[in-house]
There are 2 protein chains.
Amino acid sequence: MSSDSTSFSESSRRAFGQIIHLSMRNFWHFTREQGLSMAQIIALRQLYHQGEAGGCSVSHIGERLGVTNAAVSQSLDKLVHQGLVERKENPHDRRSKQISLTLEGEKMLKKSMRVQRSWIDELSTKLSVEEQAQIESAFRLLSQKINEME
Amino acid sequence: MSSDSTSFSESSRRAFGQIIHLSMRNFWHFTREQGLSMAQIIALRQLYHQGEAGGCSVSHIGERLGVTNAAVSQSLDKLVHQGLVERKENPHDRRSKQISLTLEGEKMLKKSMRVQRSWIDELSTKLSVEEQAQIESAFRLLSQKINEME
DNA sequence: TTGAATAATTAAGCAGGCTTATATATTAAG
DNA sequence: CTTAATATATAAGCCTGCTTAATTATTCAA
């Protein structure tokens, strides 16, 4: 059970909020530029981050986004049409579909992430080598712990 | 000009992507629960983060969101009705309005940020004291640099 | 073998968010 | 003092994204 002594300090929380805020602002603009909805791009990122070789099902995407399967299906129509995802039949269960990113979709996702972190890439040029190492180290630790959580 | 030697490594970038990804997923659900649109809540966060005592103008909000002033005005109607923001006349220019968060709005924003970072709060319970200090230190450094950028 | 359950799709309708056009009030410039 | 520019608000219309309901195909359970 988490107690105050094991949680981050208020200043760290504020810093975290700033990080998210800056990233989301960039992300918001990118999403609008791409003519995608938030639900769509969040779905794409789910596909990207979980990286399942077998793709993801329509109902799984719906669960993650909190929308109906009908909404997912309609959204996927647009993404397939744009060449960002593909729908395949699930060989183990022909009722089900396997949704995965295309190479084009991966490229777009990677671009969205570059845009999203552009502010911190710029900020990194203003850091000393030690400061940069410190931040790198903390990020690696976080990533390791995130991977352990999943 | 940034060269490769001053940018973060690929693993740090990946970690950063994971951080944003986890936070956005929580945020997305919170936003839908609150019955707000993404544009609205991003606008609210702008108001919160810049913390201007004099509030923010309609056209400034529109610039930041990339939408027309008409859209901002209509969006604000709903937020005012929900008690999350207030519109005041700008005493220095009666054409202009000063938009600011209400206490209620601040509370909601703070809650959204708690939700957003809930995953890292949970993760922090799995860190040693040294690991936690390391991450805190990196966050503080980032925050300091962000503040210097702005 | 039959009926129930599941996965996905499609159509219709609704609600919300945006834009454009117009109007009003105010400030700035000449 | 007059005209131009600016800031905001409102109305109308369009588009998008969602839900519900119905349907089809497939798998599961009895």
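It should be emphasised that the depicted structure is a prediction, and the values quoted were computed from it without experimental measurement. Order of the sequence lines sets the chain letters (A, B, ...), proteins ahead of strands, with each chain counted from 1.
Of the candidates dA7(C), dA9(D), dT19(D), the closest approach to any side-chain atom of Ala70(A) belongs to dT19(D). Residue Val58(B) places its side chain closer to dA9(D) than to any other of dC18(D), dA9(D), dG17(C). Side chain of Gln40(A), nearest nucleotide from dA8(C), dG17(D), dG17(C): dG17(D). Here dT8(D) is the nucleotide among dG17(D), dA8(C), dT8(D) with the atom lying nearest to any side-chain atom of Asn69(B).
Using a 4.0 Å cut-off, some side-chain N or O of Ser59(B) falls inside it from OP1 or OP2 of dT8(D). Here Ser57(A) does not reach the OP1 or OP2 of dA7(C): none of its side-chain N or O atoms lies under 4.0 Å away.
The base of dT19(D) lies close enough to the side chain of Gln74(A) for a donor and an acceptor atom to sit less than 3.5 Å apart.
Gln98(A) has its CD atom 16 Å from the P atom of dT26(D), to the nearest Å. For the pair Leu36(A) CG and dC15(D) P, the computed distance is 19 Å after rounding to whole Å.
Using a 4.0 Å heavy-atom distance criterion, Thr68(B) is classed as a base contact. When heavy atoms are screened at a 4.0 angstrom cut-off, Ser37(A) is found touching the sugar-phosphate backbone but no base atom.
To the nearest 0.5 Å, atoms CD (Gln82(B)) and CD (Gln34(B)) are separated by 8.5 Å.
A heavy-atom distance below 4.5 Å is not found between the side chains of Trp119(B) and Arg25(B).
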Handout entry: From CA spacing to verdict: salt bridge (charged side-chain N to carboxylate O under 4.0 Å, His left out), Lys145(B), Glu131(A)
Key = CA-CA 10 Å; Lys145(B) 294 295 179 179; Glu131(A) 291 174 331; 3.6 Å; yes

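Residues from residues 75-95 of chain B that place a heavy atom under 4.0 Å from any atom of DNA chain D, listed by number: Asp77(B), Arg87(B), Arg95(B).
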